[in-house]
Amino acid sequence: MPIDYAKELNEQQLAAVQAEPGPVLVIAGAGSGKTRTLTYRVAYLLEQGVSPDRLLLLTFTNKAAREMLGRVGLLMPLDSSLIWGGTFHSVANRLLRRHASMLGYQSNYAIMDRDDARDVINACIPAAGIQVKDKRFPKGDVLVEIFSLAVNTGRSIDEVVRQQYAHFSEQIESIRAVQQHYVKRKKLNNSMDYDDLLSNLLCLFKSHPDVADVYGRQFQSVLVDEYQDTNRVQSEIVDCFVKGHRNVMVVGDDAQSIYSWRGANFANIMDFPKRYAGAKVFKIEFNYRSTPQILDLANHSISANVRQFAKNLAAVKPGGLKPRIMPAMNTSTQAAFVAAQLLELRDQGIPLAGMAVLYRSHFHSMELQMELTRRNIPFDITSGLRFFEQAHIKDVTAYVKLAINPMDEMAFRRIVLRMPKVGGATAAKLWGKRVDLRETAAAQFPDQPMACLKLLAGDAPKPARDEWNRFAMLMQQLAAPSVVNKPAELIRLAMEAGYEDYLKSQYENYASRREDLDQLALYAQRFEKTEDFLADLALMTEVDVDAGRSMSESPDEVVRLSTVHQAKGQEFRVVFVIWLADGAFPNARAIESIDGEEEERRLFYVAVTRAKDELYLVYPQLRLSGNYGDAFQRPSRFLKELPAHLYEKMETGEEY
DNA sequence: AGAGTGGGCCTTTTT
DNA sequence: GGCCCACTCT
């Protein structure tokens with residue numbers, strides 16, 4: 001049965017869905033049916049005769065892509081797995097695995113997460129001959145950010161430091177030296193960081209126009225979601241994909257651009273019509289999500305920003321309650337209020353799963369987590385640590401990584417650092433020896449890639465000898481061709497060879513960590529190649545992880561706790577925004593510049609527009625701050641900007 | 001002297 | 001959980 005587009009979509013959505021081929025920009029206000037529009041656009045293109053494997057859908061999370069493509073599958077008979085969809089990073093990874101050798105990598109390259117990048121950079125500081133003590137030299141954490149911004153915004157290190165890290169401008173030479181070491185080291189370790197995935201793809205396209213051409217022809221049509229949060233490299237990648245035919249639809253909302261701090265370029269969406277001459281611009285401005293009261297507040301708040309497309313987001317829903325502002329005595333009354341209110345709303349028939357608590361920074365959730373635990377209110381939290389970044393997961397995957405990429409220095413380092421009397425210096429020494437020994441060992445034992453580990457036992461500190469030998473034996477076992485591409489088996493073997501005992505001895509919550517690892521092994525079973533498994537883990541977003549978890553547990557009765565950033569794209573019947581104190585939200589460091597303040601305001605806008613029916617804006621008036629006694633908190637400037645008729649102020653309660 | 005380990009203190013947002 | 005600093009071991 002053909003799809004009746006006119007019946008399923010409103011006029012604005014319909015116009016965008018049925019737009020002629022060519023460059024198209026869709027400005028989609030919050031809750032305006034952006035996903036719906038993209039989904040129907042995909043279906044429409046397929047109906048027009050584009051074959052599924054010639055469509056490319058770039059999204060902000062892998063989950064978003066899966067959901068959209070799944071919905072297309074419901075609209076029409078189709079094997080939606082044929083459509084290319086996912087994050088920029090995961091699509092880049094798929095392409096780079098095929099063409100790694102053109103860029104001087106092996107196709108089994110490792111993907112470094114942020115911690116890995118920081119560690120390698122820290123190791124590069126002494127390697128570049130820098131005496132950290134002489135002057136204040138930036139730490140790995142800061143350097144990751146500087147390097148990353150330089151790549152993602154297409155600026156030089158000089159520019160980034162001078163513009164955003166002026167206090168380090170005297171050390172620019174040294175910073176550049178560290179970066180050069182970092183770049184070399186990554187290549188030596190056959191590893192790419194997140195930024196490399198994007199910039200190497202762009203580099204591939206630019207240095208091999210024939211390859212770019214192949215993909216330009218393969219993908220007849222490219223769709224990009226959340227375009228307001230793309231950075232310069234990403235927008236250039238899109239440009240390369242569509243250079244031949246210009247069939248590109250980008251969708252986004254400038255009012256929800258919240259990632260400029262990691263290089264997202266607001267100008268991408270603002271200037272799209274200039275970059276793509278003749279681009280059609282569509283606006284979809286009917287909000288189906290929120291009550292008029294919530295939307296009034298959101299619209300008023302965002303109107304204080306100067307840089308934006310003029311738009312008029314109108315509510316479709318009938319009236320509801322005014323948003324409520326709750327000044328809590330202090331942070332514990334804040335937590336108690338939220339907990340009590342959650343229970344009351346549940347009694348009124350709103351399931352916990354329809355409610356969320358949002359905040360600016362992860363640590364703002366600590367007190368609430370304790371309060372919810374105390375009251376037995378189940379919650380799910382998109383924590384600061386991604387699943388893959390927890391120590392026990394990283395420990396076990398280090399064995400897996402080393403098994404398939406013997407040059408993975410970070411994996412090696414992680415494993416040996418857990419041995420007694422081995423710290424950073426010894427780990428570095430052992431790695432150096434290992435690299436030297438590789439050739440000799442390869443000649444002596446040609447079919448045993450891990451043989452050189454055994455030869456190093458004498459170089460490990462005495463108390464670590466036994467463990468070293470077990471490690472060498474394990475690695476030999478893991479690298480055997482019969483198991484190396486069975487990731488679940490690798491995990492099981494590593495657990496049995498001693499990691500499980502280590503977990504037991506080390507952690508109070510051994511059982512739950514053990515469970516995580518069982519889950520991980522289970523998940524690993526579906527992969528035919530170990531490198532696919534590792535790439536999937538590294539490129540998984542927190543939201544993707546939750547999608548997996550809620551399939552196994554009952555998703556119905558848990559409250560969601562999340563940063564505003566991670567709540568992007570989601571909606572809830574009831575939303576609490578907590579810690580709305582000036583300095584916390586907006587964050588004190590973020591508002592040092594005007595642009596920063598506008599971005600914080602957009603973040604506030606994103607937070608409030610997650611709410612469908614009820615919105616609670618909460619802040620503590622007092623905060624216990626360690627040694628300095630209580631500190632008074634000013635309410636967020638975003639609350640002060642609101643005229644009183646837009647909200648209802650609640651009584652400061654003391655007990656809940 | 002160099003390296004490893006343990007205690008106290010802080011925490012912006014993320015692929 | 002990570003970083004810095006002080007203490008201890010080789």
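So that the names make sense, note that chain A is the first sequence line, chain B the second, and so on, each numbered from 1.
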Which part of the nucleic acid, if any, lies within contact of [X], taking any heavy atom under 4.0 Å across all strands shown: a base, the sugar-phosphate backbone alone, or nothing?
X: R602(A); result: nothing
X: V564(A); result: nothing
X: S90(A); result: nothing

Starting at [atom1] of [X] and ending at [atom2] of [N], how long is that distance when rounded to a whole Å?
X: D395(A); N: dG1(C); atom1: CG; atom2: C1'; result: 13 Å
X: M419(A); N: dA3(B); atom1: CE; atom2: C1'; result: 17 Å
X: L143(A); N: dC3(C); atom1: CG; atom2: P; result: 13 Å
X: I393(A); N: dG1(C); atom1: CD1; atom2: C1'; result: 15 Å
X: D115(A); N: dT14(B); atom1: CG; atom2: C1'; result: 12 Å
X: K568(A); N: dT14(B); atom1: NZ; atom2: C1'; result: 10 Å
X: N152(A); N: dT14(B); atom1: CG; atom2: P; result: 16 Å
X: D459(A); N: dA3(B); atom1: CG; atom2: P; result: 15 Å

[Y] and [X] aromatic ring geometry - parallel, tilted or perpendicular at 30°/60° bounds:
X: Y523(A); Y: F533(A); value: tilted
X: F471(A); Y: W468(A); value: perpendicular
X: F576(A); Y: Y616(A); value: parallel
X: Y105(A); Y: Y109(A); value: perpendicular

Considering only [options], which nucleotide approaches the side chain of [X] most closely?
X: D141(A); options: dC3(C), dT15(B), dC4(C); value: dC3(C)
X: A425(A); options: dT15(B), dG4(B), dG2(C); value: dG4(B)
X: A391(A); options: dG1(C), dG4(B), dT15(B); value: dG1(C)

What nitrogen or oxygen pairs link the protein and nucleotides 11-13 of chain B at under 3.5 Å?
from, atom 1, to, atom 2, distance (Å)
dT12(B), OP2, R589(A), NH1, 3.2
dT12(B), O4', N587(A), ND2, 3.1
dT12(B), O2, R360(A), NH1, 3.0
dT12(B), O2, R360(A), NH2, 2.1
dT13(B), OP1, H362(A), N, 2.9
dT13(B), O4', R360(A), NH1, 3.0
dT13(B), O2, W261(A), NE1, 3.1
dT13(B), O2, R360(A), NH2, 3.1

> Where each residue is assigned the nucleotide of DNA chain B containing its nearest heavy atom, which of S148(A) and G424(A) is assigned the position nearer the 5′ end?
Replying inline: G424(A)
For [X], what residues pass the salt bridge (Lys or Arg N to Asp or Glu O under 4.0 Å) criterion, not counting sequence neighbours?
X: K429(A); value: none
X: D536(A); value: none
X: K401(A); value: D116(A)

I'd like a table of donor-acceptor pairs (distance under 3.5 Å, sequence neighbours excluded) in which one partner is a side-chain atom from residues 408-416 of chain A, with atom names and distances.
from, atom 1, to, atom 2, distance (Å)
D408(A), OD1, M410(A), N, 3.2
D408(A), OD1, A411(A), N, 3.0
E409(A), OE1, R185(A), NE, 3.1
E409(A), OE1, N189(A), ND2, 3.1
E409(A), OE2, R185(A), NH2, 2.9
R414(A), NE, D395(A), OD1, 2.8
R414(A), NH2, D395(A), OD1, 3.3

> Any chance the side chains of S148(A) and N152(A) put a donor and an acceptor closer than 3.5 Å?
Replying inline: yes
> Judged by modelled atom types alone, do S562(A) and Q566(A) share a side-chain donor-acceptor pair under 3.5 Å?
Replying inline: no
Extract from the structure each pairing of a protein N or O with an N or O of nucleotides 7-10 of chain C at less than 3.5 Å, listing the distance.
none

> With respect to the phosphate group of dG4(B), does any side-chain polar atom (N or O) of R418(A) fall under 4.0 Å of OP1 or OP2?
Replying inline: no
